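Reviewing the structure listed below.
As the structure is a computational prediction, the values presented were derived from the model and not from experiment. Quick note: residue numbers are just sequence positions, from 1. Worth knowing before you read on, the calculation uses all heavy atoms, side chains too, and leaves out hydrogens, waters and symmetry mates.
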Amino acid sequence: MSPRNDPGRRPPSMKRSQGQLANAYAPGAFFTFEGGRGACMTRVNPYTHGHEIILQREHQKQVVARLHEALRSWLDRARVARGGIEPDSLCMDDVLLKDGQLELPPIDSLVFLRPETVTYVPSPLSFVCRHCKRFEHFKNIRELYKSKHRLNGECAAHDGRCHWRQLDVVFVSHSGEVEIPQPGQYTWSQSAEEVQRWRNTCEHCHGDRFCLDTSSSQIGKWYFYCAKAGCIGQRSHRHWHQYSYYLTDHYRDQAVSHVNECRMVPLSYRASMVHYAQMDRFIIVPESQQPLLNIINSSSPELMHEFLARRFRYPGEEYTKEEIQERLEQAGMSEEWKKYNTLLDTAENMKSDQDAAKVMLSMAQEKLDSFTQGDLPVLESRFELPNSVRFGVANRDAFTGRFDPFLLAVEHEALERGKLKVGSSGNKQTFVRFTAMDNDLSPKDPAKKAAQEQETRHLMGQMGIADIGLIREFDLCQFTYGYSRLASGPQAEVGSEIYPTKLRVFDRVQTENGSRRPIYTITQANEAIYVRLNPASVYAWLEQLDLVDLPTWTPGGIDLGGKILEVAQPFGRFFSLLNPGPASTYRYVYTLLHTYAHVLMKAVSENSGLDLSSLSEYIFPADFAFVVYRNGTTMDLGNLSALWRNENNSFLERLTDPKMNSCNSGQLCPGACPDCITIPETSCIASNHLLSRSTLIGGKAPDFDQTHASQRIPGFFEVLLDAVE
């Protein structure tokens, strides 16, 4: 049946998991159905009614803040390619630019959708006969239905009709374009002043039928030749290289001198370089923790200063109620003080309704926080926060969201309040410490439970772990906002040149409120393993590394996390600032935690039945903590809790097993490679940067450390072992 202009006709739906649809099958990706037959390209589904995800306004603000940061970082990094000579239109989707400058999308121009709305169309619609090499191409599915008679006819090299196969190659450009193979090449016509397809007919007989020779094992050496019998064009080889329509139109009459930039790359549509979904994630902070949400979503540095000072125990004192009242009255804000007290009194009178009381207390806290905000706050901070930390807060854009240690400290605080600070016993706890297990996770025999917990404490001491346990529901929000081609980051290497990679966003969809730009959003609450290292053990290891900026620290005073923030260094979202330099404290702390997380993921994968690609990580450098969680939206079958029930301490012992921390590549391994601790980039929060087994077991210093270039550094486990001996 041919397609019709039927307004009731709905695009086909994708039968894949939400996580797959938001990543591997995000709009713009190519895929085949089971059995490798029927190549298709995913597309935005314009029918969105009923598929909007319910996301609280505060969480929507978090998505938008992360999105804006991602767009700015991408543009800044892409501009550097080619010496900054290319315009922003080659770095960023045209719809995000206004008068050549980045225009960030406001929150009301977006719609948050579940990925289940993604649909697909057959593509590429290019076919080659297996025997006579005859080539046929269709612009779209409608033309295929209308002109499918072109696929009929006798085969010139085989008895009967042609045996067609769908061509499995597409042409890809760093400008985000994808072209399906066909004869002719895009070129700029000076006479017509437009891009035209050149040589799409035989130059000898002017016929428009071609054959495609695919006998070479190198895709780049395939070529077209005339299909007409007896034509001299059958003996001439016409290269099938294609040029970008967009870039040809951009360079126009100068396109001839920009051949390398304009030439597209032929790739199998199965190659990862054809499509890279751009996504980000963050911990969902519940509305009950409104003060922390205020810090996250506020542009005022004062709230962050106050939080950091309290969190890491910097000296200072708080205002008394009398002092607050006096300051407000002096500022002519007596009514604001009355409103604050009214909210507190209302909360006190609503104790019987705990939810309503929490709302009132949250509103009161918001009112109190408002007195510390603004350029000239009524209540100035009395805490002695170091200038280096204040400078870091003022320049948080350089750190970017997923690597911002100040923001991560707030998120860790939210995790502590919502998950980690719970009872140590009971039936089924939100967070189960492996040293104080609940009834669901522990052996039924009390003696065995006590013995197991005692052994766990002993192993934790040997491994430098201060706290470890199971989070039953790790609340996370992941969102996909666009895609790129040829490279996952803002710069693509083509031949010997580095070109800007264009970030493209998804096509608009129609909603009840008009046209919106879709953000494919997933919320999940899966099992996770939480690990926090002992700060004293970490500091003892850092003292052995001869670091140029190791801060002085004494237990019992300011928390070590605060000292780490004083020397924090930004990496850049795409690690553009991760240049080799002197041995620095913050880089080594992050590398230790990141490497530890990968070793834990590897052990989880080997013992739980979960694939590495189904796991991911979250790192909190100022708290010396990380979380390894099951990344997916399918039903959580309790693999991690089952892992601890079945393996428990034998699982922990494997983390320090020499075999777990070795590499089959031997001396050829730079410290992290696919044979040891690197994982799929879609699972790694840092794209496999800042990893080195040397931080755990000792060995050659990481590449970013020029102080110890080609020298051996001690490992974290080695220092712990020496301390015990």
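- Using modelled atom types, one finds a donor on one side chain and an acceptor on the other under 3.5 Å when comparing H458 with Q462.
- If you check the side chains of Q524 and Y629, you find no donor sitting under 3.5 Å from an acceptor.
- Within the structure, side-chain hydrogen bond (donor to acceptor under 3.5 Å, both in side chains) contacts touching residues 643-658 (residues at least two apart or in different chains) are D440-R645, T456-N649, E606-R654, E647-S650.
- Judged as a salt bridge (Lys or Arg N to Asp or Glu O under 4.0 Å), and not counting sequence neighbours, the contacts of D280 are R66, R402, R573.
- The nearest pair of heavy atoms linking S484 to A487 is OG-O, 2.6 Å.
- Annotation: side-chain contact (heavy atoms from CB on, under 4.5 Å) contacts of S694 (sequence neighbours excluded): S692, I713.
- Side-chain rings of F403 and F575 approach one another, their centers coming within less than 6.0 Å.
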Residues 283-293, side-chain donor-acceptor partners within the protein, below 3.5 Å, at least two apart:
from: Q289; atom 1: NE2; to: A414; atom 2: O; distance (Å): 3.4
from: Q290; atom 1: NE2; to: N294; atom 2: OD1; distance (Å): 2.9

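- In this structure D404 satisfies the side-chain hydrogen bond (donor to acceptor under 3.5 Å, both in side chains) test together with R396, sequence neighbours excluded.
- The one candidate from R433, R472, K449 that meets the salt bridge (charged side-chain N to carboxylate O under 4.0 Å, His left out) condition with D438 is R472.
- Shortest non-hydrogen contact noted between D475 and A525 is OD1-CB, 3.2 Å.
- Judged by distance alone, with hydrogens and angles left aside, the side-chain atoms of Q278 form a donor-acceptor pair with the main-chain N or O of S488 at under 3.5 Å.
- Every residue was checked against the side-chain hydrogen bond (donor to acceptor under 3.5 Å, both in side chains) condition with T552, not counting sequence neighbours, and none meets it.
- Residues satisfying the side-chain contact (heavy atoms from CB on, under 4.5 Å) test with A26, not counting sequence neighbours, are H275, A277, T480, F506.
- Counting heavy atoms from C-beta on, the side chains of H598 and K602 never come closer than 4.5 Å.
- Within the model, atoms CD1 of I468 and CG of L533 stand 9.5 Å from one another, a figure rounded to the nearest 0.5 Å.
- Under 4.0 Å is where a charged nitrogen must lie from a carboxylate oxygen, and between E416 and R532 no such pair does.
- The number of heavy atoms from other shown groups lying within 6.0 Å of NZ (K563) is above 12.
- For the residue pair N297/E58, the side-chain donor-acceptor check at 3.5 Å is satisfied.
- Here OG of S687 is found 10.0 Å from CD1 of I679. Values are rounded to the nearest 0.5 Å.
- The six-membered or imidazole ring of Y618 lies away from that of Y530, with a centre-to-centre distance of 6.0 Å or more.
- S616 and R281 form a side-chain donor-acceptor contact under 3.5 Å, judged by distance and modelled atom types alone.
- Judged purely by distance below 3.5 Å, without hydrogens or angles, the side chains of Q452 and S442 never pair a donor atom with an acceptor atom.
- Heavy atoms only, all atoms of each residue included: Y481 and A70 are closest at OH-CB, 3.4 Å.
- Proximity of L407 to F282: side-chain heavy atoms (C-beta onward) are nowhere separated by under 4.5 Å.
- In terms of heavy atoms, H708 sits closest to A701 at O-CB, 3.3 Å.
- Taking both residues in full, the closest heavy atoms of P115 and Y520 are given as CA-CD2, 3.8 Å, listed atom of the first, atom of the second, then distance.
- By the side-chain contact (heavy atoms from CB on, under 4.5 Å) test, N387 is found to be paired with R390, residues two or more places apart in sequence or in another chain being considered.
- For residues 611-624, every residue pair satisfying the salt bridge (charged side-chain N to carboxylate O under 4.0 Å, His left out) rule, not counting sequence neighbours, is listed here: R311-D623.
- Closest approach of P621 to V589, counting heavy atoms only: O-CG1, 3.9 Å.
- Ring orientation note: the planes of F716 and W541 are nearly perpendicular, at an angle over 60° on the 30°/60° scale.
- Under the rule for a ring pair (Phe, Tyr, Trp, His ring centres under 6.0 Å), Y314 has no partner lying at least two apart in sequence or in another chain.
- Applying the side-chain hydrogen bond (donor to acceptor under 3.5 Å, both in side chains) rule to pairs touching residues 661-685 yields S665-D675, sequence neighbours excluded.
- A donor-acceptor distance shorter than 3.5 angstrom exists from the side chain of E718 to the backbone of G715, with no hydrogens or angles considered.
- Residues satisfying the side-chain contact (heavy atoms from CB on, under 4.5 Å) test with Q569, not counting sequence neighbours, are D549, S584, R587.
- By the 4.5 Å heavy-atom criterion applied to side chains, D703 and P580 are not counted as neighbours.
- The cationic group of R16 lies under 6.0 Å from the six-membered ring centre of Y25 and within 45° of the ring axis, placing it in a cation-pi geometry.
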